[in-house]
Trainee: 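There's a structure below that I have some questions on.
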Amino acid sequence: MPDCTYYTTAIDYTNAAPHIGHAYEKVLTDVLARFEKLKGEPVYFLTGVDQHGQKVQQSAEKEGVPPQEFADRCTEKFLALWKTLGVDYDGWAATTHPVHKNVVQKILQKLHDEGQLYKQAHRGFYSVRQEQFLTDKERNESGEFGPEWGQVVELQEENWYFRLAQHREWLLHYIDTHDSFIVPTFRRAELRNAVEKISGDLCISRPKSRLSWGIELPFDTEYVTYVWFDALINYISFAGYLAEPGSGLPEFSKLWPARAQVIGKDILIPAHGIYWSIMLHALGFPDDQIPTLLVHGWWNIAGAKMSKSLGNTVDPVLLAERYGSGALRYYLMADISTGKDSDFSEERLRMRFNDELANNVGNLLNRTLNMSQRYRSGILRNPPLADAGLQTLSSQEAPAAVSAYTEAMTEYRIDASLHAVVQFARACNQLIEASAPWKLAKDPTETDRLDAVLYHLAESLRIIGILLAPVLPEASHSIFEQLQWPHPARLRDVVWGQLPEGHVLGIPTPVFPRLEAPATPQTE
RNA sequence: GGGCCUGUAGCUCAAUGGUCAGAGCAGGGGACUCAUAAUCCCUUGGUUGGGGGUUCGAAUCCCUCCAGGCCUACCA
């Protein structure tokens with residue numbers, strides 16, 4: 001068991017600007033990492049960018065800039081977005097980094113020396129214009145390659161192959177005996193069927209004449225390695241695998257295996273489920289060192305048919321500007337159940353934010369502090385009082401909310417964990433109605449009851465602030481400020497009764513101002 | 001062609017084979033005034049896509065059909 005919880009995300013390809021799906025995956029992983037911090041556990045969160053490859057090379061040529069410059073420019077957009085969204089990673093995996101290149105080459109050499117790689121000629125149809133070999137998939141109805149491919153010639157080319165098929169039986173057995181390999185479980189069957197159909201090996205090289213923007217094969221310098229042996233290795237190269245002394249990277253044995261590798265459903269088969277697991281196995285990683293793949297779904301675009309002509313991607317930068325990064329983070333976490341798809345809609349973003357955060361949680365804080373200031377000068381007292389409603393809140397509803405939250409978080413069900421928090425806030429609002437502090441305030445004999453109600457509300461809000469921290473770190477901080485709770489968010493503080501007798505609460509300011517529909521909606 | 005997922009209230013989604021299929025939003029009615037025109041209570045709304053089957057019992061398991069989505073297709 002590693003000492004430190006390690007999470008990775010897929011690394012994004014630096015050929016286009018980030019969209020909502022990129023933002024979702026990183027926020028999801030950020031929330032998981034922040035939850036570990038909330039528990040006080042060490043965590044290492046790695047994300048990054050995949051900068052090599054043919055598309056980057058082509059796009060750079062088109063713009064007349066060196067590929068590194070093109071990749072860097074695109075990388076900036078991702079870095080800026082993570083900053084805006086509060087994605088707080090510990091390690092940054094950029095595949096053009098020398099440390100990474102070095103590890104990739106060591107791995108290639110090792111596999112080469114052990115006979116896992118071989119060179120073989122392939123004969124096929126090649127499109128000169130598109131600079132790629134064509135398969136039967138590219139043929140049209142009449143069985144020919146259409147004019148979009150330009151001149152098509154039949155030629156022969158030698159390349160390096162990885163003995164993938166040799167590990168097929170191992171992988172099948174591994175899938176069958178390791179329930180937690182793929183989360184959610186319904187993806188296992190899909191992967192298993194794909195593995196059973198593995199027939200050939202994996203081509204892992206491109207001749208430099210066709211692709212120069214990549215990592216050179218150490219044993220055959222006329223070639224660069226292609227995609228998978230470059231990109232996938234980031235998960236271990238930046239975690240300190242085979243690192244030189246003094247590299248400044250983490251100690252590999254403390255991180256590996258990762259608690260989960262967060263990826264989209266589109267890259268489970270074949271990339272991660274097959275190539276990556278077999279690569280690790282071939283490198284000698286034992287079965288208990290193969291990490292869990294947490295496979296998330298996609299955000300589909302509502303009304304896609306209508307806005308197709310406009311290009312229906314959703315720009316997370318624009319959304320964060322319009323609604324704030326907190327609102328966007330909350331929506332992305334609350335409105336999808338991990339693993340499944342969901343429809344993206346700005347209207348739902350506003351609806352959920354307004355209902356659950358502004359009206360429910362935010363207003364709860366506001367009315368509580370306001371009543372405390374108005375009736376009791378903000379001073380908290382906790383008189384012993386036999387009141388069934390208050391007792392239920394403190395001894396049943398609060399602990400139940402915490403345990404439902406924690407359980408859901410542990411199972412990566414962020415939506416369910418947020419639901420538990422919102423439900424608890426709702427119970428607090430109900431308590432206010434039932435106890436009507438504004439009436440108690442008018443009756444001098446009810447002072448104790450008034451104090452007890454306010455104390456219960458303040459404690460509940462303190463707990464809510466803690467639980468919201470992974471998803472809404474800024475809002476959580478501002479709840480604490482208004483409560484004058486001096487500690488950072490820590491899960492151990494969810495124990496009831498931490499606010500001391502005589503504690504003074506702050507002045508209320510809306511933490512979640514209601515969102516209004518913009519004049520020019522993006523996706524509605 | 002092969003495979004996977006989904007189909008439950010107007011919308012978004014819940015329900016280890018076991019009370020009467022539940023929440024939130026939206027709709028309708030009412031209450032309250034501490035609060036961000038917020039909150040609270042009551043309420044309308046379902047032949048669980050159709051049809052068979054297994055079972056004492058099915059939204060859940062099996063078969064089949066329908067609809068939608070996704071992956072994959074001797075590969076560079």
Side-chain angles (χ1 to χ4, degrees), chain A residues 54 120-127 130-138 155-161 184 186-207 210-211 226-227 264-270 273-274 295 297-298 300 302 304 334-337 339-343 345 347-348 350-352 354-375 413 415-416 419 422-423 425-442 450 453-454 457 508-515:
Chain A
Q54 189 157 29
Q120 197 180 52
H122 172 83
R123 189 170 188 84
F125 293 96
Y126 182 76
S127 158
Q130 294 295 326
E131 299 184 7
Q132 70 175 72
F133 275 89
L134 304 176
T135 65
D136 290 346
K137 194 165 59 173
E138 270 84 42
L155 63 78
Q156 181 166 314
E157 184 175 292
E158 277 193 309
N159 267 304
W160 285 90
Y161 290 79
F186 70 79
R187 299 247 173 242
R188 275 177 73 199
E190 203 176 334
L191 175 61
R192 202 186 186 289
N193 289 325
V195 174
E196 280 190 326
K197 284 196 279 186
I198 293 175
S199 54
D201 289 333
L202 177 67
C203 179
I204 61 151
S205 71
R206 290 290 184 279
R210 282 175 52 208
L211 177 70
Y226 179 65
V227 195
K265 64 177 186 178
D266 54 324
I267 52 174
L268 172 64
I269 299 168
I274 298 176
V295 185
W298 283 359
N300 299 316
D335 212 37
I336 190 167
S337 70
K340 296 187 178 173
D341 289 356
S342 191
D343 266 320
S345 135
E347 191 186 349
R348 281 190 65 80
R350 289 194 301 271
M351 188 199 88
R352 294 202 64 145
N354 285 339
D355 179 64
E356 291 162 16
L357 294 181
N359 297 353
N360 188 10
V361 175
N363 187 47
L364 173 66
L365 176 70
N366 217 40
R367 64 198 303 212
T368 298
L369 293 184
N370 196 66
M371 287 190 285
S372 174
Q373 291 298 340
R374 188 186 279 227
Y375 305 142
R413 290 158 49 228
D415 59 317
H419 180 72
V422 167
Q423 210 173 18
R426 208 159 257 138
C428 295
N429 276 316
Q430 287 167 353
L431 179 80
I432 295 180
E433 297 301 324
S435 57
W438 49 91
K439 285 183 186 161
L440 300 176
K442 290 175 186 159
L450 174 61
V453 169
L454 292 173
L457 294 174
T509 318
V511 178
F512 303 113
R514 284 180 62 85
L515 300 176

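So you know, we letter chains A, B, ... as the sequences are listed, proteins then strands, and number each from 1.
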Trainee: Assign Gly200(A) to base, sugar-phosphate, or nothing according to its heavy-atom contacts below 4.0 angstrom with the strands shown.
Mentor: sugar-phosphate
Trainee: Donor-acceptor pair, Arg352(A) side chain versus Ala334(A) backbone, under 3.5 Å?
Mentor: yes
Trainee: Please classify the nucleic acid contact of Arg514(A) as base, sugar-phosphate, or nothing, using heavy-atom distances under 4.0 Å.
Mentor: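 It contacts base atoms.
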Trainee: For the pair made of CD1 in Ile336(A) and C1' in U6(B), what is the distance, rounded to whole Å?
Mentor: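 So the CD1-C1' distance, Ile336(A) to U6(B), works out to 14 Å.
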Trainee: To the nearest 0.5 angstrom, please state how far the CD atom of Glu356(A) sits from the CD atom of Gln423(A).
Mentor: 11.0 Å
Trainee: At 4.0 Å (heavy atoms only), tell me whether Arg187(A) reaches a base, stays on the sugar-phosphate, or touches nothing.
Mentor: nothing
Trainee: With a 4.0 Å cut-off on heavy atoms, is Arg413(A) in touch with a base, just the backbone sugar-phosphate, or nothing at all?
Mentor: nothing
Trainee: Between U33(B) and C20(B), how many Å separate the two P atoms, rounded to a whole number?
Mentor: 41 Å
Trainee: For Asn360(A) and C40(B), what is the distance between atoms CG and C1' respectively, to the nearest whole Å?
Mentor: 12 Å
Trainee: Taking only the C1' atom of each, what is the distance from C63(B) to C56(B) in whole angstrom?
Mentor: 23 Å
Trainee: So Ala194(A), base contact, sugar-phosphate only, or nothing? Heavy-atom distance under 4.0 Å.
Mentor: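 Nothing: the residue Ala194(A), judged by heavy atoms under 4.0 Å, touches no strand.
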Trainee: Heavy-atom distance under 4.5 Å between the side chains of Leu191(A) and Ile274(A), does that happen here?
Mentor: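 They are in contact (side-chain heavy atoms under 4.5 Å apart), so the answer is yes.
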Trainee: So, OP1 or OP2 of U12(B): does either fall under 4.0 Å of a side-chain N or O from Ser345(A)?
Mentor: no
Trainee: Quantified in whole Å, what is the P atom distance between nucleotide G18(B) and nucleotide G10(B)?
Mentor: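 About 26 Å, rounded to a whole number of Å.
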Trainee: Can you tell me the distance, in whole Å, between the CZ atom of Arg374(A) and the P atom of A35(B)?
Mentor: 4 Å
Trainee: Mind calculating the distance between CG (Asp335(A)) and C1' (C11(B)) to the nearest angstrom?
Mentor: 11 Å
Trainee: Answer whether the closest heavy-atom distance between the side chains of Lys265(A) and Asp341(A) falls below 4.5 Å.
Mentor: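 Yes, side chains in contact.
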Trainee: CG of Asn429(A) to CG of Asn359(A): how many Å apart, nearest 0.5 Å?
Mentor: 9.5 Å
Trainee: When both hydrogen-bonding distances must be under 3.5 Å and the geometry is Watson-Crick or G-U wobble, what is U48(B) paired with, if anything?
Mentor: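 Here U48(B) is not engaged in any pair, so there is no nucleotide opposite it.
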Trainee: Sort out the partner of A23(B) for me: Watson-Crick or G-U wobble, both distances under 3.5 Å, none otherwise.
Mentor: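 Paired with U12(B).
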Trainee: When the P atoms of U36(B) and A14(B) are compared, how many Å lie between them, rounded to an integer?
Mentor: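 Looking at atom P only, A14(B) and U36(B) are 35 Å apart.
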Trainee: In whole Å, measure the gap between the C1' atoms of C11(B) and A26(B) for me.
Mentor: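 Pairwise C1' distance, C11(B) against A26(B), rounds to 7 Å.
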Trainee: Can you check the distance between G53(B) and G17(B), where both ends of the measurement are the C1' atom (answer in whole Å)?
Mentor: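 One C1' to the other, the span is 16 Å.
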Trainee: Between Glu158(A) and Val361(A), which has a closest nucleotide on RNA chain B that is more 5'?
Mentor: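 Per heavy-atom nearest nucleotide, the more 5' residue is Val361(A).
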Trainee: What nucleotide, of C71(B), C4(B), C40(B), holds the atom closest to the side chain of Trp298(A)?
Mentor: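 Nucleotide nearest to Trp298(A)'s side chain: C71(B).
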Trainee: Closest approach to the side chain of Arg348(A), judged atom by atom: which nucleotide of U36(B), U12(B), C4(B) is it?
Mentor: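 Of all the options, the side chain of Arg348(A) is nearest to U12(B).
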Trainee: For A38(B), does the base pair up with any side-chain atom of Asn363(A) as donor and acceptor (N or O, under 3.5 Å, distance only)?
Mentor: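 When only heavy-atom distances are counted, Asn363(A) does not reach the base of A38(B) through any donor-acceptor pair under 3.5 Å.
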Trainee: For residues Asn159(A) and Ser205(A), is any side-chain donor paired with an opposing acceptor at under 3.5 Å?
Mentor: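 Their side chains do contain a donor-acceptor pair, which is all the 3.5 Å distance test asks for.
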Trainee: Taking atom C1' in both C13(B) and G46(B), compute the distance separating them and give it to the nearest angstrom.
Mentor: 15 Å
Trainee: With sugar-phosphate meaning primed atoms plus P, OP1 and OP2, does Phe512(A) contact a base, only sugar-phosphate, or nothing at under 4.0 Å between heavy atoms?
Mentor: base
Trainee: Using 4.0 Å as the upper bound for N to carboxylate O, is an ion pair formed by Asp343(A) and Arg348(A)?
Mentor: no
Trainee: Tell which nucleotide pairs with C70(B), taking only Watson-Crick or G-U wobble pairs whose two distances are both under 3.5 angstrom.
Mentor: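 Because both required distances fall under 3.5 Å, C70(B) counts as paired with G3(B).
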Trainee: To the side chain of Trp438(A), which of C70(B), A35(B), U33(B) is closest?
Mentor: U33(B)
Trainee: Rounding to a whole Å, what distance do you find between Leu268(A):CG and C5(B):P?
Mentor: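 About 13 Å, once rounded to whole Å.
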Trainee: Give Gln423(A) one of three labels, base, sugar-phosphate or nothing, depending on what nucleic acid heavy atoms sit under 4.0 Å from its own.
Mentor: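 Answer is nothing: Gln423(A) stays at 4.0 Å or more from every strand.
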Trainee: Run the side-chain contact (heavy atoms from CB on, under 4.5 Å) check on Ile432(A) and Trp438(A) step by step: do they pass?
Mentor: CA-CA 9 Å; Ile432(A) 295 180; Trp438(A) 49 91; 3.7 Å; yes
Trainee: From CD of Glu196(A) over to P of C74(B), roughly how many Å is that when rounded to an integer?
Mentor: 18 Å
Trainee: Can you tell which of A35(B), A23(B), A38(B) lies closest to the side chain of Asn359(A)?
Mentor: A38(B)
Trainee: Considering only C4(B), G1(B), C34(B), which nucleotide approaches the side chain of Lys197(A) most closely?
Mentor: G1(B)
Trainee: So which one's nearest nucleotide on RNA chain B is more toward 5', Ala434(A) or Leu364(A)?
Mentor: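 Checking each residue's closest nucleotide, the 5'-ward one belongs to Leu364(A).
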Trainee: For nucleotides G52(B) and A59(B), find the distance between their P atoms and express it as a whole number of Å.
Mentor: 14 Å
Trainee: Taking it one step at a time, do Glu347(A) and Arg350(A) satisfy salt bridge (charged side-chain N to carboxylate O under 4.0 Å, His left out)?
Mentor: CA-CA 5 Å; Glu347(A) 191 186 349; Arg350(A) 289 194 301 271; 5.6 Å; no
Trainee: Contact class for Thr368(A) (heavy atom, under 4.0 Å): base, sugar-phosphate, or nothing?
Mentor: nothing
Trainee: With sugar-phosphate meaning primed atoms plus P, OP1 and OP2, does Asp355(A) contact a base, only sugar-phosphate, or nothing at under 4.0 Å between heavy atoms?
Mentor: sugar-phosphate
Trainee: At under 4.0 Å between heavy atoms, what does Arg352(A) touch on the DNA or RNA strands: base, sugar-phosphate, or nothing?
Mentor: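 No contact.
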Trainee: How many whole angstroms separate atom CG of Leu440(A) from atom P of U33(B)?
Mentor: 13 Å
Trainee: Check every strand shown and say whether Val422(A) touches a base, only sugar-phosphate, or nothing at a heavy-atom separation below 4.0 Å.
Mentor: nothing
Trainee: Measure CG/Asn429(A) against P/U39(B) and give the value in whole Å, please.
Mentor: 7 Å
Trainee: Considering every strand shown, what is the Watson-Crick or G-U wobble mate of U39(B) when both distances are under 3.5 Å?
Mentor: A31(B)
Trainee: In terms of side-chain heavy atoms of Arg426(A), which of C4(B), G24(B), C34(B) is nearest?
Mentor: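 For Arg426(A), the side-chain atoms sit closest to G24(B).
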Trainee: If the cut-off is 4.0 Å, is Lys340(A) near the phosphate of A14(B), judged by side-chain N/O to OP1 or OP2?
Mentor: yes
